Amino acid sequence: QVHLVESGGGSVQAGGSLRLSCTASTYTYGGNCMGWFRQVPGKGREGVAYIDTDDGSTDYADSVKGRFTISQDAAKNTVYLQMNSLKPEDTAIYYCAARAQLGGCFYPIIHNFNYWGQGTQVTVSS
């Protein structure tokens with residue numbers, strides 16, 4: 001099992017920034033994709049940002065383009081999500097996930113992400 005641990009969540013006023021981190025127990029899990037997802041009560045989990053861990057290619061939900069940036073530090077087995085210009089609509093639990101097989105790595109894929117972290121709360125106030 002690949003264990004993912006998120007950190008960096010918290011409370012911030014609209015317009016502020018947060019940086020989330022996701023550290024994996026191993027970067028050798030057979031797949032090529034990691035992503036950040038978010039969920040609010042009563043709604044399904046949705047993709048936010050994706051990174052192909054082989055070539056570094058990224059993709060984003062339209063709602064966060066230009067504001068969020070996903071990146072990786074392979075030496076540290078860590079993926080980051082830099083969130084700028086935060087809006088109240090960004091309030092959610094954010095999850096890091098990894099896929100254990102090769103395939104497309106782009107929004108809005110959620111199927112076949114095999115490993116999930118416990119989530120970190122992001123709260124943006126008006």
Side-chain angles (χ1 to χ4, degrees):
Q1 178 81 348
V2 176
H3 298 282
L4 305 175
V5 180
E6 302 101 334
S7 63
S11 298
V12 65
Q13 291 186 325
S17 298
L18 287 171
R19 189 188 193 193
L20 307 183
S21 298
C22 172
T23 298
S25 59
T26 179
Y27 238 37
T28 305
Y29 52 85
N32 69 315
C33 187
M34 294 185 68
W36 286 96
F37 302 78
R38 66 188 181 187
Q39 187 169 21
V40 299
K43 293 186 178 296
R45 195 168 298 182
E46 63 180 7
V48 174
Y50 301 77
I51 185 165
D52 185 310
T53 53
D54 287 338
D55 64 18
S57 299
T58 61
D59 197 33
Y60 301 88
D62 287 345
S63 60
V64 307
K65 286 181 179 178
R67 300 188 298 120
F68 291 11
T69 302
I70 187 171
S71 61
Q72 66 176 335
D73 184 341
K76 297 182 179 294
N77 290 354
T78 299
V79 172
Y80 304 96
L81 185 67
Q82 179 67 46
M83 304 185 293
N84 298 325
S85 301
L86 283 162
K87 305 175 180 179
E89 301 96 300
D90 296 318
T91 295
I93 300 174
Y94 283 72
Y95 297 89
C96 176
R99 201 174 63 215
Q101 59 187 291
L102 299 176
C105 188
F106 45 80
Y107 178 87
I109 292 173
I110 192 169
H111 184 61
N112 283 341
F113 278 86
N114 307 85
Y115 307 109
W116 294 83
Q118 290 296 110
T120 186
Q121 178 70 46
V122 171
T123 302
V124 184
S125 59
S126 302

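None of these values were measured; they are calculated from a predicted model. Count residues from 1 along the sequence.
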Any disulfide bond (SG atoms under 2.5 Å apart) involving residues 40-92? Give me the pairs, sequence neighbours left out, ordered by first then second residue.
none
Considering non-hydrogen atoms only, spot the tightest contact between A61 and G47 and give its length.
CB-O, 3.7 Å
Does one side chain, of T123 or T91, offer a donor that lies under 3.5 Å from an acceptor on the other?
no
Looking at CD1 of I70 and SG of C96, how far apart are the two atoms once the value is rounded to the nearest 0.5 Å?
7.5 Å
Between V79 and V122, is there a shared hydrophobic cluster once you connect ILVMFWY residues whose side-chain heavy atoms come closer than 4.5 Å?
yes
Reported CE-to-OG1 distance for the pair M34 and T78, which is rounded to 0.5 angstrom:
8.5 Å
Just one of W36, F113, W116 clears the side-chain contact (heavy atoms from CB on, under 4.5 Å) bar with Y95, so which one?
W116
For a quick test of reading the model, state the closest non-hydrogen atom pair linking A14 to S126 and the distance between them.
CB-CA, 4.4 Å
A quick test of your reading: do over 12 heavy atoms of other residues, nucleotides or ligands sit less than 6.0 Å from CD of Q118?
no
Within this structure, what is the CD1-OH distance for the pair I51 and Y60, rounded to the nearest 0.5 Å?
7.5 Å
Roughly how far apart are C22 SG and E6 CD, rounded to 0.5 Å?
5.5 Å
M83 and V12, any side-chain heavy atoms less than 4.5 Å apart
no
For a 4.5 angstrom cut-off between non-hydrogen side-chain atoms, does E89 reach S63?
no
Side-chain heavy atoms of D59 within contact of I109, under 4.5 Å
no
Validation row, ring centre Y80 to ring centre F68 under 6.0 Å:
no
Determine the minimum heavy-atom distance between Q101 and N32, stating which atoms define it.
O-OD1, 3.5 Å
Return the CD to CG distance between Q82 and L18, rounded to the nearest 0.5 Å.
8.5 Å
When clusters are formed by joining ILVMFWY residues with side-chain heavy atoms under 4.5 Å apart, either directly or through shared neighbours, do I110 and Y107 land in the same one?
yes
Check whether F37 and L20 end up in the same hydrophobic cluster, where Ile, Leu, Val, Met, Phe, Trp and Tyr are linked by side-chain heavy atoms less than 4.5 Å apart.
no
Examine distances only and state if a side-chain atom of N112 and a backbone atom of A100 form a donor-acceptor pair shorter than 3.5 Å.
no
Y94, V64: one ILVMFWY side-chain cluster at the under-4.5 Å cut-off?
yes
Going only through I, L, V, M, F, W and Y residues with side-chain contacts under 4.5 Å, is there a path from Y115 to I93?
no
Any donor-acceptor N or O pair under 3.5 Å, side chains S17, N84
yes
Which residue pairs pass the salt bridge (charged side-chain N to carboxylate O under 4.0 Å, His left out) test when at least one of the two sits in residues 35-52, sequence neighbours left out?
R38-E46, R38-D90
Between N114 and R99, is there a side-chain heavy-atom distance shorter than 4.5 Å?
yes
Looking at every non-hydrogen atom in both residues, tell me the closest pair between L4 and A24 and how far apart they are.
CD2-CB, 3.5 Å
May I ask you to decide if H3's main-chain N or O and S25's side chain share a donor-acceptor pair within less than 3.5 Å?
yes
